[in-house]
Every structure is written in structure tokens, then in C-alpha cells.
Student: 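Got a structure for you, written out below as C-alpha cells; questions coming shortly.
Residues: numbered from 1 along the sequence shown.
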Amino acid sequence: MNPWIIRNMKTLEMVGVLLRIGSFSLVGWLGPSSPFMLVWSVNTLDAVLLTWCAVLKKDLAYSVLNAFWVLVGLVGIARAGGWI
């Protein structure tokens, strides 16, 4: 999988960024009536994608930043699901 990710890195990074922009825009527009499980799921998916790209690029700062967003996303999913 890594060779495919490396070949398509720029596109995958752009998809990840657009997913993040879209999910936070949805919250901005809908506020409290946002579909939070969807928003946090998309946010976590894009964070996983961007973390994977950053790790392959050996970019420590973005690896840490996006790994942090994975953790934030998992907490958001748990909260949206009513598990915590």
C-alpha cells in the first residue's frame, strides 16, 4: 500500500485537507444541529490519511500534529456515540 500512497501523495494530501475543510465547514454552517458522528468520522479518516502521508514523508511535525487529530477524532466519535 505504501508505494501506491507515495505515488499519489499530493492527491491524497489534498483529499485529506478538503475532507477536513468540509467537515469543519459543516459544523460552522449547521452548528449544534450538525451530524457530529459523521463530522468526527470524516475528521478522523482525514487525520489517518494525512498522518500516513506525513510518516512516509518522514515529516515529524506533521506526523505528530495529525496523529494528535486522530486521537481527538476518536474522542469525538466516542462522545458523538454517547460512549463517554
Side-chain angles (χ1 to χ4, degrees):
M1 191 76 178
N2 286 346
W4 184 83
I5 299 253
I6 291 168
R7 278 193 313 275
N8 297 288
M9 180 99 46
K10 294 284 185 196
T11 301
L12 292 170
E13 287 176 321
M14 183 57 72
V15 166
V17 168
L18 292 173
L19 285 171
R20 185 161 302 171
I21 289 169
S23 66
F24 282 110
S25 295
L26 190 62
V27 171
W29 280 101
L30 298 178
S33 62
S34 297
F36 286 109
M37 182 61 83
L38 174 65
V39 169
W40 283 114
S41 297
V42 170
N43 186 32
T44 305
L45 175 67
D46 77 58
V48 168
L49 177 61
L50 292 172
T51 301
W52 197 342
C53 289
V55 167
L56 291 176
K57 288 170 64 173
K58 296 179 174 53
D59 188 331
L60 182 60
Y62 281 106
S63 297
V64 170
L65 175 65
N66 287 301
F68 167 76
W69 277 109
V70 171
L71 296 175
V72 169
L74 292 173
V75 170
I77 290 169
R79 292 200 56 186
W83 303 309
I84 61 171

Student: For residues Phe24 and Leu65: do they belong to one hydrophobic cluster (side chain heavy atoms under 4.5 Å, members Ile, Leu, Val, Met, Phe, Trp, Tyr)?
Tutor: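 The answer is yes; both residues are in one hydrophobic cluster.
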
Student: Which salt bridge (Lys or Arg N to Asp or Glu O under 4.0 Å) pairs, counting each pair once, include a residue from residues 23-39, with sequence neighbours left out?
Tutor: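 Passing the test, one end in residues 23-39: no pairs.
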
Student: I need the minimum non-hydrogen distance between Pro35 and Leu30, along with the two atoms involved.
Tutor: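 Distance-wise, the nearest heavy atoms are CD-CD1, 4.0 Å.
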
Student: Just jot down the side-chain contact (heavy atoms from CB on, under 4.5 Å) partners of Met1, sequence neighbours excluded, or say none.
Tutor: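 Expected list: Trp4, Ile5, Trp52.
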
Student: Quick check: is Phe68 connected to Tyr62 through a chain of hydrophobic side chains (ILVMFWY, heavy atoms under 4.5 Å apart)?
Tutor: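 Yes; tracing contacts between hydrophobic side chains, which count when under 4.5 Å, links both residues.
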
Student: On a heavy-atom basis, which atom in Ser63 and which in Val55 lie closest, and how many Å separate them?
Tutor: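 For Ser63 and Val55, the tightest heavy-atom pair comes out as OG-N, 3.4 Å.
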
Student: Scan residues 1-22 for pairs that pass salt bridge (Lys or Arg N to Asp or Glu O under 4.0 Å), counting only residues two or more places apart or in two chains.
Tutor: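 For residues 1-22, and leaving out neighbouring residues, the salt bridge (Lys or Arg N to Asp or Glu O under 4.0 Å) pairs sorted by first residue read Glu13-Lys57, Arg20-Asp46.
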
Student: Below 4.5 Å, heavy atoms only, C-beta onward: do Val70 and Asn66 meet side chain to side chain?
Tutor: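 Not touching, per the 4.5 Å side-chain cut-off.
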
Student: Working to the nearest 0.5 Å, report the span between CH2 of Trp69 and OG1 of Thr44.
Tutor: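 Answer for the CH2-OG1 pair, Trp69 versus Thr44, is 10.0 Å.
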
Student: Find the distance between CE (Met9) and CG (Asn2) and round it off to the nearest 0.5 Å.
Tutor: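 CG of Asn2 is found 8.5 Å from CE of Met9.
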
Student: For the hydrophobic clusters of this structure (ILVMFWY residues joined by side-chain heavy atoms under 4.5 Å, transitively), does one cluster hold both Trp40 and Leu26?
Tutor: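 Yes, because Trp40 and Leu26 connect within a single hydrophobic cluster, where side-chain heavy atoms sit under 4.5 Å apart.
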
Student: Please list, one pair per line, the donor and acceptor atoms closer than 3.5 Å that link side chains of residues 71-84 to other protein atoms, with sequence neighbours excluded.
Tutor:
none

Student: What's the spacing between Ile6 CD1 and Leu56 CG if we round to 0.5 Å?
Tutor: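 Going from the CD1 atom of Ile6 to the CG atom of Leu56 covers 5.0 Å.
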
Student: Give, for atom OG of Ser41 and atom CG of Leu19, the distance between the pair rounded to the nearest 0.5 Å.
Tutor: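 Spacing of OG (Ser41) from CG (Leu19) equals 12.0 Å.
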
Student: Excluding sequence neighbours, so at least two apart, what forms side-chain contact (heavy atoms from CB on, under 4.5 Å) with Val27?
Tutor: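 Scan of Val27 (side-chain contact (heavy atoms from CB on, under 4.5 Å), adjacent residues dropped) gives Ser34, Phe36, Val39.
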
Student: What's the shortest heavy-atom distance between Val42 and Ser23, and which atoms?
Tutor: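 Between these two residues, the closest heavy atoms are CG1-CB, 4.0 Å.
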
Student: Tell me which pairs pass salt bridge (Lys or Arg N to Asp or Glu O under 4.0 Å) where either residue lies in residues 59-76, with sequence neighbours left out.
Tutor: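 Listed by first then second residue: nothing to list.
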
